[in-house]
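The next block holds one structure in the form of structure tokens; read it before the comments.
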Amino acid sequence: MIRFLLATTATLLIVTPALAQDSDPVLGKRVGKLESEMRAVQRKVFPGGDARYFEPEIAPAQAAPPETVGSPALAPLADLTTRVGEIETQLRTLTGQVEAQQNRLRLLEEAQTKFRADTEFRLTTIEGGGKSPVAAVPGGAAPPEATDGPAPAPKPAATKPDTAPATPEAQWRAAYALVIAKNYDEAEPALQDFIAANPKSTRASDAQYWLGKTYAAQDQPAQAAKAYLDGYQKFPKGTRAPDSLLGLSQALIDLKKPQQACRSLNELDAVYAAKLTPALKAQAAKARTTAKCTG
């Protein structure tokens with residue numbers, strides 16, 4: 001379809017430039033611009049050029065015969081103007097289609113490159129990427145075995161491990177058990193995996209809060225502050241959102257940033273004042289005293 005449109009447009013442009021330039025200078029400029037755009041589209045669609053669809057240059061118009069006395073007919077010029085306008089519209093559409101195809105091709109190439117990289121990573125890192133240690137014997141013959149001594153006993157069939165995926169609740173309980181056991185090295189990635197796999201779970205707010213507590217227990221206030229802030233911003237309606245804001249203020253106090261800690265406590269009062277338990281209110285008051293908050 002694109003080649004047919006180019007051939008048809010080129011034929012019209014070859015026939016009409018002389019008439020356009022003689023009849024209307026403005027129309028002549030439009031035709032000249034259209035010729036230039038057509039050559040640009042040709043170079044995109046037919047790299048290297050192809051004279052079958054569009055001449056590289058349009059030959060100068062032959063001298064027009066002397067005009068007859070009288071006013072020139074306006075109907076042919078109006079028809080030519082309309083046809084040139086239609087060609088310009090079709091050319092813009094064609095140019096957009098070519099650019100869209102090039103963009104889709106680029107996206108496809110990027111997706112293929114990423115797919116190959118992901119596949120290679122899985123083969124080399126996750127699945128080992130190695131060949132089976134047992135090589136097949138050519139010709140389908142059985143591998144040679146020792147003839148001396150008793151035949152070896154057959155190996156018991158390996159049992160397949162239970163690969164059934166754990167439910168979100170079971171995954172959360174396993175991660176939380178690591179926190180209670182103070183096994184922070186394993187609790188941290190377990191909580192992160194749960195949050196990534198279950199971002200819409202009601203337990204996601206709990207997991208994000210305990211991730212902050214895990215960092216705080218390991219004397220990492222900067223990481224704890226970020227985890228608490230994520231718990232408040234990502235899960236503002238979560239069960240642990242108020243605790244996350246309070247934990248953020250305590251982490252900021254540890255980072256020697258009392259003003260930011262006070263702002264966090266003000267946010268706690270402004271957003272969750274009606275939901276604060278007596279224990280949280282007492283902890284917030286203590287944090288205000290430590291940060292020397294005013295007002």
Side-chain angles (χ1 to χ4, degrees), residues 107 110-111 114 117-118 121 125-126 165-295:
L107 295 176
E110 292 178 356
K114 184 178 183 299
D118 292 344
F121 174 78
T125 305
I126 300 178
T167 63
E169 183 65 21
Q171 188 178 0
W172 154 249
R173 291 183 179 277
Y176 183 65
L178 294 172
V179 176
I180 298 301
K182 298 183 179 181
N183 187 357
Y184 302 126
D185 290 340
E186 296 184 13
E188 177 184 336
L191 292 169
Q192 291 175 338
D193 290 344
F194 175 83
I195 296 169
N198 308 279
K200 296 183 179 181
S201 171
T202 56
R203 292 291 192 181
S205 177
D206 297 302
Q208 190 68 50
Y209 168 74
W210 285 107
L211 180 61
K213 293 285 286 184
T214 299
Y215 286 126
Q218 298 177 85
D219 195 22
Q220 298 177 5
Q223 291 87 337
K226 184 180 184 306
Y228 287 134
L229 181 61
D230 288 343
Y232 169 59
Q233 292 179 335
K234 293 181 180 180
F235 314 106
K237 296 182 179 180
T239 56
R240 289 290 184 172
D243 301 81
S244 295
L245 268 179
L246 180 59
L248 175 61
S249 67
Q250 294 171 342
L252 291 171
I253 291 174
D254 294 338
L255 290 170
K256 310 299 182 183
K257 295 182 178 181
Q259 293 181 351
Q260 290 88 333
C262 292
R263 285 198 290 268
S264 177
L265 292 168
N266 292 338
E267 184 80 2
L268 176 65
D269 290 339
V271 180
Y272 302 110
K275 297 181 179 181
L276 295 180
T277 63
L280 285 179
K281 290 181 180 179
Q283 295 177 31
K286 182 178 179 181
R288 283 185 176 276
T289 302
T290 304
K292 299 179 180 180
C293 300
T294 60

- Note on the structure: In terms of heavy-atom contacts, P221 and L255 come closest through CG-CD2, 3.6 Å
- Message: How close do L280 and P242 get, counting heavy atoms only, and between which atoms?
- Response: CD1-CB, 4.2 Å
- Item | Between CG on residue L191 and NZ on residue K213, distance to nearest 0.5 Å | 13.0 Å
- Query: Side chains of N266 and R288: does their closest heavy-atom pair fall under 4.5 Å?
  - Reply: yes
- Query: Which word best sums up how the rings of Y272 and Y232 line up, parallel for under 30°, tilted for 30 to 60°, or perpendicular for over 60°?
  - Reply: perpendicular
- Query: For the atom pair OG1 (T277) and CG (D243), what is the distance rounded to the nearest 0.5 Å?
  - Reply: 7.5 Å
- Please tell me if the side chains of T202 and T239 come closer than 4.5 Å, counting only heavy atoms from C-beta onward. no
- Search all heavy atoms of A291 against all heavy atoms of P258 and return the closest pair with its distance. O-CB, 3.6 Å
- Query: Quick one: does L245's side chain get under 4.5 Å of L229's, heavy atoms only?
  - Reply: no
- Message: Would you say that Q171 contacts N198 through its side chain, given a criterion of any heavy-atom pair below 4.5 Å between the two side chains?
- Response: yes
- Which pair of heavy atoms, one from P236 and one from A241, lies closest together, and at what distance? O-CB, 3.5 Å
- Mind checking whether L268 and L248 have side chains closer than 4.5 Å, heavy atoms only? no
- Message: By the side chain to side chain donor-acceptor pair (under 3.5 Å) test, which pairs, at least two apart or in different chains, include something from residues 246-263?
- Response: none
- Task: Spell out, as yes or no, whether a donor-acceptor pair under 3.5 Å connects the side chain of S205 to the backbone of R240.
- Result: yes
- Starting at CD1 of I195, measure out to OG of S201 and round the result to the nearest 0.5 Å. 10.5 Å
When the side chains of residues 176-188 are checked against the rest of the protein, which donor-acceptor pairs come out under 3.5 Å, sequence neighbours left out?
unit_1, atom_1, unit_2, atom_2, d
N183, ND2, E186, OE1, 3.3
E188, OE2, Y215, OH, 3.1

- Message: Return the CG to NZ distance between L276 and K281, rounded to the nearest 0.5 Å.
- Response: 6.5 Å
- Separation between CG of D206 and CZ of F194, rounded to the nearest 0.5 Å: 8.0 Å
- Task: Looking only at non-hydrogen atoms, find the nearest pair between P199 and F235 and report the distance.
- Result: O-CE2, 3.3 Å
- Query: What are the two closest non-hydrogen atoms of C293 and L265, and how far apart are they?
  - Reply: SG-CD1, 4.1 Å
- Message: To the nearest 0.5 Å, what is the distance between OH on Y209 and OG1 on T214?
- Response: 10.5 Å
